Each structure stands twice: as C-alpha cells, then as structure tokens.
2 protein chains.
Amino acid sequence: MIDDTTARRQVVEAADRLFYTRGVQAVGMDAVRAEAGVSLKRIYSLFPSKDDLIVAVLRHRRQMWDAGIAASAERAATAREKLLAVFDFLDGWFREPDFRGCAFINAYGELSGGSENVRRTVREQKEAFGAYVAELVRAAGAPASLAPQIAILAEGAQTTAAILGGPEAAAQARDAAETLLDAALEKTPL
Amino acid sequence: MIDDTTARRQVVEAADRLFYTRGVQAVGMDAVRAEAGVSLKRIYSLFPSKDDLIVAVLRHRRQMWDAGIAASAERAATAREKLLAVFDFLDGWFREPDFRGCAFINAYGELSGGSENVRRTVREQKEAFGAYVAELVRAAGAPASLAPQIAILAEGAQTTAAILGGPEAAAQARDAAETLLDAALEKTPL
DNA sequence: TTGCCATGAGAACGATCGTTCTCTAGAGTA
DNA sequence: TACTCTAGAGAACGATCGTTCTCATGGCAA
C-alpha cells in the first residue's frame with residue numbers, strides 16, 4: 001500500500017488537473033478516484049469532505065504559483081526587474097495549451113457563494129501576492145500606492161487572457177506596469 | 001395570464017438575482033420558478049434549456065453594464081474623462097452591498113468547461129467593452145496600445161474588489177489609468 | 001496453516017438536479 | 001350549460017452527486 005503522503009499527493013494532483021480543466025462542481029469524487037488511482041475510502045480518510053479536498057488543491061496551486069513567480073524573479077537583478085518578471089511568468093503560463101485562467105478566480109466565481117473555506121483560501125493567496133508586490137515596490141523605491149496598481153494589472157491580465165484566449169494580455173500588462181514604474185520613480189527620485 | 005414578454009423578463013431578472021448571489025450551478029430551476037412566480041412549464045416554453053436561460057441572463061447583464069457605462073460617460077465631457085468615468089462607474093458598483101464580482105467572469109470560471117454558449121457570450125461582452133475603450137482611446141488621441149491596458153485595469157479591478165471585498169480597487173485602477181493616459185498623451189502630442 | 005484485520009472495489013443511499021408528464025381547475029365559446 | 005382548450009401546480013423520471021457501507025481479498029501474526 002502506498003503511504004499517506006504519496007496518496008495525498010496523487011489525489012491532490014489528480015483533482016487539480018480535473019478541477020482546473022472541467023470546473024470543480026462538474027467533477028465528481030468518483031472521477032477523482034479514477035484519475036488518482038486511490039480508492040474512495042482512502043480519499044475520504046485523507047480529506048473529510050470534497051470541500052477539504054478543494055482547499056488542499058488551492059493550497060497546492062498556490063505553492064506552484066509562488067514557485068513560478070520566485071523562479072522568474074530569480075533571473076532578475078533589480079526589484080524593478082523582479083516586478084516585471086511577474087508578467088514574464090504570466091506570459092509563459094498563458095501560452096501553455098491547457099491554460100484556462102486563474103484557478104483561484106475560477107474557484108471563487110464558482111464556489112464563493114457556498115464555501116467559506118474557499119472564499120478565505122482564495123483571499124489569502126491574493127493578499128499574499130499583493131504583499132509580495134508591495135515588498136518589491138518598496139525595494140524599488142516607488143511609492144506604496146504603485147503596488148495595488150501592479151497587482152490589478154496582473155489580475156486583469158489573467159482574466160483577459162483566459163476569456164479572449166491569447167497571451168497578448170501579459171505583454172500589454174507588462175508595458176503598462178513599466179509605464180507606471182517609470183512615472184512613479186520619476187516623481188520620487190532618490 | 002401574463003404575456004410572454006413580461007414572463008420572460010420576470011424569469012430573467014429572477015434568475016439573474018439568484019445566479020449572481022449563489023452561483024449558477026447552485027441554483028435549481030425550481031428555485032427560479034419560485035423566485036419568478038412563473039411555472040416550470042412556462043419557463044421551459046420560453047427557454048428550451050437552462051443553458052439558454054443562462055445566456056439570456058448574461059445578455060441582460062450586458063445591457064445593464066452597457067447602460068451603466070453609458071450613463072457614467074454622459075456626465076463626462078472629453079474622451080479622456082469618459083475613459084476615467086468607467087472607473088467611477090466601477091466604484092459605485094463595488095460599493096453596492098450585494099456586489100459579488102463580474103457576473104461574466106464568474107460565469108466563465110464556473111461554466112466555460114461545459115457550455116460553449118456561455119464561453120461565446122462572455123467573450124462577446126469582453127470584446128465589446130474592449131472596442132468601446134479602444135474607440136475612446138482613439139478619440140482621446142492616444143496610441144491604440146493604450147486601450148487593452150485600460151481594459152486590463154478594469155478587469156483586474158473587478159476581480160480584486162470581489163475577492164478582497166472593498167471598493168478601493170476602483171480608485172487604484174483609476175489612478176493607474178490616469179497615469180497611463182498622461183504618459184501616452186505626452187508621447188503623442190497633437 | 002489458521003484466524004484476524006485492514007484494504008480496495010464498488011454497490012448502496014439519500015438528496016438534488018434538469019426536464020417532462022399528469023392532472024386539475026378555470027376561462028372562453030357556442 | 002356543456003364542451004374544449006390551456007396553463008399552472010407539482011409529481012415523476014432518470015441521472016448524478018457526495019458520502020457511507022458491504023464484502024471479498026490478501027498480508028501478517030502465531
């Protein structure tokens with residue numbers, strides 16, 4: 001028998017694939033069982049309910065998001081370049097053939113009416129991303145008011161790319177962010 | 001008996017309220033019947049399926065959105081002010097107590113995996129809004145590349161306001177749009 | 001080998017869904 | 001008044017969901 005950690009990972013990754021592709025409510029627990037190769041009994045011993053599994057999937061998505069952003073930032077030298085690297089990360093993501101928008105936004109739209117846990121988990125990841133951007137804005141020497149503007153650009157790029165179906169929004173948002181950065185640094189010289 | 005036009009309107013408005021508040025899949029047709037005061041038989045004679053009703057609701061939402069944007073633009077004199085008026089409209093909307101994000105984005109996240117009709121209807125409204133912004137950008141004498149940037153700000157403000165739960169994103173996006181407008185017009189003088 | 005216990009496969013359960021059907025009551029007409 | 005037709009109320013249907021339960025199987029201790 002596979003150990004709990006492995007089973008847990010298999011279930012979360014399988015559910016993530018299915019949820020992201022088809023939507024959460026459209027995927028039954030039996031489909032998760034088939035995709036993960038883990039029995040229903042085992043799944044329910046690892047996750048007390050589907051709601052808990054959804055939250056675990058969102059946490060897993062957040063780890064992947066954080067890792068992707070961090071990897072993209074590593075290749076940048078300055079805080080300004082790290083900020084713009086966010087949009088380079090988005091650009092690569094938008095070009096993946098199975099890109100279907102931000103899983104957090106999708107889950108929020110689908111489940112926020114029903115699950116408080118989902119609402120909170122989604123809000124937490126958006127707040128964490130906002131804090132990440134705010135820290136880079138501070139390091140770049142720009143006024144704090146720039147941070148939410150950049151975060152809004154990143155959010156908007158994700159929904160625009162999902163709905164219109166092309167990667168262009170990433171470059172457009174990146175250009176806008178660059179303009180905003182230039183304007184902010186101009187007003188706040190060293 | 002009420003005529004078809006009235007019944008249709010009652011059903012669409014009732015469904016809109018329920019779908020927007022609780023999510024589409026969480027609302028059964030029987031709940032729509034109760035809220036609208038129109039029998040199931042009648043509903044199914046007006047809309048062949050729930051999918052058709054969803055599309056009708058989205059079209060209704062689009063009319064309300066277009067009207068709101070137009071009313072906000074009417075109070076503005078120049079093209080530049082009309083562009084910024086979009087964010088004033090958003091600001092008022094975000095402050096409504098039952099604001100729960102953009103119905104189109106929510107529907108897309110919830111249903112795009114299953115319904116081609118929903119996908120297309122959502123895409124159409126985003127494209128229409130993009131065209132509206134593009135026309136104003138042109139009238140303002142700014143380069144065309146500014147238009148998608150402003151549209152992305154509007155999209156991002158909507159999801160940010162929905163998830164974080166405050167109206168601040170509207171003013172933040174408005175400030176960003178103003179900065180982008182200034183920078184664009186500076187580079188492209190008359 | 002024998003008994004035991006945990007496990008997985010999948011049937012079962014109760015709820016709910018979208019959709020259709022039945023039945024009844026009432027309006028309109030001759 | 002008697003007949004017809006329509007529409008509404010809601011039961012019914014088949015499917016599917018999340019969750020639980022049953023039962024056969026196979027490893028493991030003695």
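Naming convention: chains lettered A, B, ... in sequence-line order (proteins, then strands); numbering from 1 in each chain. In this text the structure is predicted, and so the values were computed from the model without any measurement.
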Notebook entry, point to check: How far apart are the C-alpha atoms of Arg80(A) and Leu185(A), what are their side-chain angles, what is the distance that settles it, and do they pass the side chain to side chain contact (heavy atoms under 4.5 Å, CB included) test?
Noted result: CA-CA 10 Å; Arg80(A) 175 203 166 90; Leu185(A) 293 175; 4.3 Å; yes
Check: Looking at Leu136(B) and Ala79(B), what are the two nearest heavy atoms and their distance?
Finding: O-CB, 3.6 Å
Next item on the list: Mind checking Val32(B) for me? I need base, sugar-phosphate or nothing, with any heavy atom below 4.0 Å counting as a touch.
Entry: nothing
Check: How about Leu84(B) and Glu178(B): do any of their side-chain heavy atoms sit closer than 4.5 Å?
Finding: yes
Notebook entry, point to check: Which residue, Gln158(B), Gln172(B), Glu155(B), forms the side-chain contact (heavy atoms from CB on, under 4.5 Å) with Ile152(A)?
Noted result: Gln172(B)
Note to self: Can you give me the dot-bracket string for DNA chain C, 5' to 3', counting Watson-Crick and G-U wobble pairs with both distances under 3.5 Å, using [ ] for crossing pairs and | for partners on another strand?
What the structure shows: ||||||||||||||||||||||||||||||
Notebook entry, point to check: Between Asp3(B) and Thr6(B), is a side chain to side chain donor-acceptor pair (under 3.5 Å) present by the stated rule, with each step listed?
Noted result: CA-CA 6 Å; Asp3(B) 63 297; Thr6(B) 306; 2.7 Å; yes
Next item on the list: Round to the nearest Å and state the distance from Arg33(A) atom CZ to dA11(C) atom C1'.
Entry: 12 Å
Next item on the list: Round to the nearest Å and state the distance from Asp30(A) atom CG to dA11(C) atom P.
Entry: 10 Å
Note to self: Using only atom types and a distance under 3.5 Å, with no angle test, would you say the side chain of Asp88(B) pairs donor to acceptor with the backbone of Ala170(B)?
What the structure shows: no
Notebook entry, point to check: Of all of residues 41-57 of chain B, which get a heavy atom below 4.0 angstrom from DNA chain D, listed by number?
Noted result: Lys41(B), Arg42(B)
Check: Quick one: are Leu153(A) and Gln149(B) in side-chain contact, heavy atoms under 4.5 Å?
Finding: no
Check: For the pair made of CG in Leu40(B) and P in dA9(D), what is the distance, rounded to whole Å?
Finding: 10 Å
Checklist line | Value in whole Å for how far the P atom of dC17(D) lies from CG of Leu18(A) | finding: 12 Å
Checklist line | Residues in ring-ring contact (aromatic ring centres under 6.0 Å, His included) contact with Phe99(B), at least two apart in sequence or another chain | finding: Trp93(B), Phe94(B)
